[in-house]
Amino acid sequence: MIRYKYCYFVSRKQSKREECGKPSPSLFSSEFSLFPFTDHPIRSQSPNPTFSILFQMEDYGSSDDDYHFSDQEDSDVELIENDDRNFELVSSKTPTAQVITKESLIAAQKEDLRRVMDMLSVKQQHARTLLIYHRWDVENLFEVYVERGKAFMFAQAGVSVDECRDSDSSVSALVMCEICMDDVPSDEATRMDCGHCFCNTCWTQHFFVKINEGQSKRIRCMAHKCNSICDEAVVRTLLSREHPDMAEKYERFLLESYIEDNKRVKWCPSTPHCGNAIRAVGDDLCEVECSCGEQFCFNCLSEAHSPCSCLMWKLWEKKCRDESETVNWITVHTKPCPKCHKPVEKNGGCNLVACICGQAFCWLCGGATGREHTWSSIAGHSCGRYKEQEKSAERAKRDLYRYMHYHNRYKAHTDSFKLESKLKGLIQGKITASEEKSELRDYSWVHNGLSKLFRSRRVLSHSYAFAFYMFGDEIFKEEMSDAEREIKQNLFEDQQQQFEANVERLSKILEEPFETFDDDAKVMAIRMEIINLSTLIDGLCKKMYECIENDLLGSISLGSIHSIAPYKSKGIERASELPVCFSNKANNTV
């Protein structure tokens, strides 16, 4: 049973038109629109919204406080109910991400299908076709429905609703298939919702070919210029008769489309794969932790890398693993032989060197020479003129030293993170030993300090990768002048050094053997120091993030491309488990 309420929507634009004595255009076909209330919220938002709505029903016996709106100052909607009651704006807290396991995948898909079926009063096959076309974005689907209408939305997604389909199928005993041109009995032919009828053999072959071509999720009708999507129940029934394995494949593709085609759902990138998927509830620019323990960036599926943007991290990973820096080292420390062109490294002080191929050449200019030389010159050779290659070598040497500076510090903090990860087991042993000889029982401050240390080490290591690109010539060369770049670099490095110094202090204190202390006062002193340092580090890290977002990335034109995941004091949030159970009481009528 679905409960309905009459709602009348009045936008501010409409109110202004009425004040001026002008007729206000109706938002829907009639003044009053009937919306079903379900157990799940229905959102409708547009880039230039005339309104922003969230429906939600708690239970059938609840009060009339069933409406929840986004609490924004620029909201363009006013909701006037038929009983003229006022409702408060309520904001609900939801987790950042949810884990979708193999068992809960069907429940997650059914949840979105049911919302669309209840809202539009359509069958499941039509709801799935609409959602696949809109990449399982329910909010976008409802936005198109409100702004463009049901007919436009159906035509755009390839949904056809033929109410006379069943009655028309038995008009004649024989039906001519326009594909194979054979007359077949009416019970051996199938008419789709679009009205086109072909024999079951042709339909089966059509489905088989399309699934093999990878078009299984949106199989179109065989008729010329018909964009209607075939009924999934018909596809499943006809395939199961002759190709049961293909029918199972088709069923699996429909189920996995919720992950493959959904921008809000992505597979966990763990290796080996845990089999879970993650659904982002809010912004997709976030860092999440799967139930298997894998922490990653939801946007690019790399490891959690803030304060680096996804593009910066991609470039940094490539720079660290490819051979570009090896090439730079060869350019700086070797010279090519003028005969065989192999790189030669000088291992002595004399500037007359010889390659293994027997060719002698001058180390200063790289030119071929004879083998005789004196203290001041090489026989048959003189050099000293400026060469462009020397300028290139100096530039390569400078770039190599700059990269080594940032990479060494990035690697140092990464290695420290790996070593300090072993502290978790050691500290648990310290806590057990302390509880046996001390009256203190609350050691949560140790775990909180250790968690803050792990989080800070990761942020510190990635901050050096961020600084390499932020103040280099690879990305933002044209965005800042040299003077502006120097000012911003000094501002960032000052905050980075303060943050780094306190992280090192916290690491040192956590390694203190507090389990050997006989005096509880010493343990309490360490406790206060760890708590204070954890609070200080949290503030410094948050301040560094604000500096990156506002003063560095926020002040340049390319800053929007390099958005970073927001800082969270509690660290990366662990995704909550999605319940496996779901309601089967979905509206299944056209």
Side-chain angles (χ1 to χ4, degrees), residues 92-105 107-108 258-260 262-310 312-314 316-317 410 413-425 427-428 444 446-463 465-466 503 506 510 534 537-538 541-542 544-545 548-549 563-580:
S92 59
K93 294 184 179 180
T94 56
T96 303
Q98 294 176 321
V99 177
I100 300 177
T101 61
K102 296 177 182 178
E103 294 76 16
S104 60
L105 176 57
Y258 184 78
I259 299 176
E260 301 293 342
N262 195 338
K263 67 178 183 179
R264 293 293 184 188
V265 180
K266 295 181 180 179
W267 291 110
C268 172
S270 59
T271 305
H273 194 261
C274 63
N276 295 337
I278 303 295
R279 180 171 68 180
V281 178
D283 189 5
D284 59 352
L285 191 64
C286 61
E287 295 175 337
V288 297
E289 180 181 350
C290 180
S291 58
C292 68
E294 182 75 11
Q295 295 181 343
F296 62 96
C297 170
F298 186 82
N299 187 47
C300 66
L301 297 182
S302 301
E303 65 174 274
H305 53 70
S306 66
C308 273
S309 67
C310 294
M312 288 181 181
W313 184 249
K314 183 178 179 181
W316 179 256
E317 281 190 314
Y410 160 78
H413 286 294
T414 303
D415 293 342
S416 296
F417 174 80
K418 293 177 181 178
L419 292 173
E420 288 166 347
S421 299
K422 301 176 182 179
L423 280 176
K424 194 170 184 179
I427 284 182
Q428 187 59 46
S444 60
V446 184
H447 294 290
N448 293 337
L450 191 62
S451 175
K452 190 65 64 179
L453 176 63
F454 293 161
R455 170 70 170 163
S456 301
R457 281 293 186 197
R458 175 171 286 179
V459 170
L460 264 178
S461 63
H462 297 152
S463 70
F466 167 82
V503 169
L506 179 61
L510 283 171
S534 299
I537 286 173
D538 181 63
C541 189
K542 184 178 180 181
M544 188 176 73
Y545 267 74
I548 292 173
E549 293 177 339
S563 300
I564 63 175
Y567 173 72
K568 295 183 179 180
S569 297
K570 294 183 179 180
I572 299 176
E573 183 177 350
R574 189 179 183 89
S576 61
E577 293 283 349
L578 186 70
V580 178

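Values below: all heavy atoms of this structure, side chains included; hydrogens, waters and symmetry mates excluded. Predicted model only: the values in this text are computed from it and were never measured.
Tyr258 and Arg279 share a side-chain donor-acceptor pair at under 3.5 Å. Between the side chains of Asn276 and Ser291, at least one donor N or O lies within less than 3.5 Å of an accepting N or O.
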Could you go through Lys266 and Ile278, starting from their C-alpha distance and side-chain angles, then the distance that decides it, and tell me whether this counts as side chain to side chain contact (heavy atoms under 4.5 Å, CB included)? CA-CA 5 Å; Lys266 295 181 180 179; Ile278 303 295; 5.9 Å; no
Dump the intermediate steps for side chain to side chain contact (heavy atoms under 4.5 Å, CB included) on Arg455 and Cys541, then the final yes or no. CA-CA 10 Å; Arg455 170 70 170 163; Cys541 189; 5.8 Å; no
Would you check, one step at a time, whether the test side chain to side chain contact (heavy atoms under 4.5 Å, CB included) holds for Val99 with Arg574? CA-CA 9 Å; Val99 177; Arg574 189 179 183 89; over 6 Å; no
Ring pair (Phe, Tyr, Trp, His ring centres under 6.0 Å) for Trp316 and His462? Distances and angles first, verdict last. CA-CA 10 Å; Trp316 179 256; His462 297 152; 9.7 Å; no
With side chain to side chain contact (heavy atoms under 4.5 Å, CB included) as the test, would you mind laying out the steps for Leu285 and Phe298 before giving the verdict? CA-CA 6 Å; Leu285 191 64; Phe298 186 82; over 6 Å; no
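With values rounded to the nearest 0.5 angstrom, His305 atom NE2 is found 11.5 Å from Lys314 atom NZ. From Cys297, atom SG reaches atom CD1 of Ile564 across 11.0 Å, with rounding to the nearest 0.5 Å. To the nearest 0.5 angstrom, Glu573 atom CD is 9.0 Å from Cys286 atom SG. Atom NZ of Lys418 sits about 13.5 Å away from atom CZ of Arg457, to the nearest 0.5 Å. Rounded to the nearest 0.5 angstrom, Ile537 CD1 and Lys542 NZ are separated by 16.0 Å. With rounding to the nearest 0.5 Å, the separation of OH in Tyr567 from OG in Ser306 is 9.5 Å.
A side-chain hydrogen bond (donor to acceptor under 3.5 Å, both in side chains) with Gln295 is found for exactly one of Glu287, Arg458, Glu303, namely Arg458.
A salt bridge between Lys568 and Glu289 is absent, with no side-chain N of the basic residue lying under 4.0 Å from a carboxylate O of the acidic one.
In this structure the side chain of Ser463 reaches within 4.5 angstrom of the side chain of Met544, judged on heavy atoms. The side-chain heavy atoms of Tyr545 and Val459, taken from C-beta on, include a pair separated by under 4.5 Å. A heavy-atom distance below 4.5 Å is found between the side chains of Val503 and Leu453. For the pair Glu549 and Pro307, the minimum side-chain heavy-atom distance is 4.5 Å or more. Residues Cys274 and Cys290 form a side-chain contact, since some pair of their non-hydrogen atoms from C-beta on lies under 4.5 Å apart.
Side chain of Ser104 to main chain of Ala107: no donor-acceptor pair is present (N/O by atom type, distance under 3.5 Å, no hydrogens or angles). Panel note: side chain Ser451, backbone His447; no donor-acceptor pair is recorded below 3.5 Å.
Residues satisfying the salt bridge (charged side-chain N to carboxylate O under 4.0 Å, His left out) test with Glu103, not counting sequence neighbours, are none.
Heavy-atom minimum distance, Val288 versus Ile572: C-CG2, 3.5 Å. Across Val446 and Leu510, no two heavy atoms sit closer than the pair O-CD2, 4.2 Å. Contact between Ser461 and Tyr410 at its shortest, heavy atoms only, is O-CD1, 3.1 Å. Of all heavy-atom pairs between Ser569 and Lys452, the closest is O-NZ, 2.7 Å.
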